[in-house]
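Convention: sequence-line order gives letters A, B, ...; per-chain numbering from 1. Atom set for the values below is all heavy atoms of this structure, side chains included, hydrogens, waters and symmetry mates excluded.
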Protein chains: 2
Amino acid sequence: MSDVAKKAGVSIGTVSNVLNHANRVKPGTVKKVQRAIEELGFVRNDAARQLKAGNSRTIGLVVPDASNPFFADLAKGAENLAIAREFAVIIGNSSEDNSRESSYINLFHEQRVGGVLISPVRGVNKRIEQLHHMGINAVIVDREADATICCSVSVDDVAGGRLASRHLLDQGRKHIAFVGGGPSIQQTVDRLEGVRQEMLNFPKARLSVFETSEMNVLAGRKVGIEIGKLPATERPDGVFCANDLVAVGVMQALLFENSIKVPEQIAMIGYDDIDFAQSTIVPLSSVRQPSHLLGSSAVELLISELQDVDHVHRQITFQPEIVIRESSLRTK
Amino acid sequence: MSDVAKKAGVSIGTVSNVLNHANRVKPGTVKKVQRAIEELGFVRNDAARQLKAGNSRTIGLVVPDASNPFFADLAKGAENLAIAREFAVIIGNSSEDNSRESSYINLFHEQRVGGVLISPVRGVNKRIEQLHHMGINAVIVDREADATICCSVSVDDVAGGRLASRHLLDQGRKHIAFVGGGPSIQQTVDRLEGVRQEMLNFPKARLSVFETSEMNVLAGRKVGIEIGKLPATERPDGVFCANDLVAVGVMQALLFENSIKVPEQIAMIGYDDIDFAQSTIVPLSSVRQPSHLLGSSAVELLISELQDVDHVHRQITFQPEIVIRESSLRTK
DNA sequence: CTCTAAAATTGAAACGATTCAAAAAAAGTA
DNA sequence: TACTTTTTTTGAATCGTTTCAATTTTAGAG
């Protein structure tokens, strides 16, 4: 910067003013400085700027699976709004791993990000507590949080679970299977809770629960093979998967490995309504979440927390919506 | 940090040594300092560290479409290796927009990232030139680069185009349609070039080219509707899409909007072999690229450039591989 | 116990921006 | 012209690390 100052024949302070408060500087001087910047190819060192400022115009986003289109869309929503507000978004992929989640939080903290959007893998409250204790502004996404400590943006997963299971039961299915990622994943727990609630209205129906190691296509395929091998009396006639990736895997296995017909023999419904859901072998019914809106709302809340003096923590909950396609329709 | 030093009863320099060169410090002292760090909840300020170091252990990655699973996988490959080498990866999504690409480059430059992995939208050489001129270490991904200036990791797109089109022609298709994103997108240009080369071996076959506004499902659907509306004599009997997202869109439109049978009336093949390709309504043939490997190799090259004094720029080119599924098979 | 070599510790300087009180220049007024 | 007010410009101090030459402590040898 001092090179620029020398070349433009002004002081360092003036160069800084041109960069940050151009209106305080005489127009002629601005031009001189800008020409010098241009000629020297000067680019401000953000580390020094941050060091002085104490924080940065960057938002950290920690997601459990960046290759899940749902989170990719959520990230896109967040990024678009952030850019409009002149913030940058850094994405960290925890891969549903607690220690990886921690190291991203540390990395972001070291970088003194303005704040963090996070969809915690497990132990939400513990994580919130920790972030709060570290003095990091955080918005919980896709999970409800304790209103007193921070903001959150979520979708009512219990309602989503009810929607999906009620639809299957309404279609006359008697034995529902729920396929999801185990009790450490909150989304799974809530969606299953919705199923359980709904089952109370159908006392004759039966529920089986299958646990996957991860929430992706491959893990779904494993469960699909397992289901296909069950004797006819033990086999469910309706499968609800905790996300579409798992549903796609289960469907693949049922159709190709076990020659089971969807929806005739087994009706299926997924969750997230990713772009591909309508393009699967049998178009997949799903529960739609406003992924884009989740991301942008989260950024909105975070920026409000950073900038508004009278900010109060808010919990925004969106309602999911069922999208019915061929995979879950009643057999004629 | 001075608080930590005071609490541990040592100097600031010692605290720094504990953090960075623990072996230079007596084990007992290390313990004292670590306890102090623990108790005070101290987190190093990365801005100051970077300011001193002049650069950061961060790698910027600029992709044209983060919601394309191909790039999501590539990013994952990059991230995994980077983490193993204790680098962090920041992802910027240019959305195939030149100015957005520029602003990410500037952001990364301001942050003094160690280097940049980039899949430039257009004008590759101009962009390489610019990065080189700015003194930014860069590796071009998914595109070959001028060997004298920087490294690159790519897949032979011309070969991929040949593979796909030869397969369709071998199956007896006479009128091939190529669907891709226009001449500004290098991948499209190269894959089409492959098609053109291969057509020379089949002088009786015909080629039509359709241009999409973007390279996603929605854009593909539009072209699919267009193709479906063509009179039978003008309609292609083999469609090669420049990526799987577009192929999925085209397939949706053909099947649902126009009731055209795949592969009986129109054979289809996509590109990238994303996870979903085998789960589409009619399982989609595709050209597989080693997406994960692309990402990790790029990181490898970049880190070598940063750390090895005798680094020489290398161009790594992988060969694509055809994956044949139902969508392109000959009608019995 | 003394001397020497090795290991551990110290703390001032440097990184490159922003800030702000003070100085200088310009504009306005009598 | 002389003085006041407003606008611009200046540059030293600051942010929190890392580095490295100098100093102190410890270990080893005789």
Pair A/Glu39 + A/Lys7: basic N to acidic O under 4.0 Å: yes

Pair B/Glu110, A/Asn45: side-chain N/O donor-acceptor within cut-off below 3.5 Å: no

Rounded interatomic separation in angstrom, taking NE2 from B/His21 and C1' from D/dT17: 12 Å

Plane angle bin for B/Tyr104 and B/Phe108 - parallel if under 30°, tilted between 30 and 60°, otherwise perpendicular: tilted

B/Arg112 CZ to C/dG16 C1', straight-line distance once rounded to whole Å: 9 Å

Touch class at under 4.0 angstrom, heavy-atom based, for A/Ser2 against every strand present: nothing

Length of the line joining B/Asp46:CG and D/dG16:P, which is rounded to integer Å: 14 Å

Gap between atoms CG and C1', on A/Asn45 and C/dC15 respectively (whole Å): 8 Å

Sugar-phosphate, base or nothing in reach of A/Val15, heavy atoms under 4.0 Å: nothing

Spacing of A/Arg24 atom CZ relative to C/dA25 atom C1', expressed in whole Å: 18 Å

Length of the line joining B/Lys26:NZ and C/dT10:P, which is rounded to integer Å: 10 Å

Rounded interatomic separation in angstrom, taking CG from A/Asn20 and P from C/dA17: 11 Å

Where A/Asn93 and B/Lys76 come nearest, the two heavy atoms and their spacing: ND2-CE, 4.0 Å

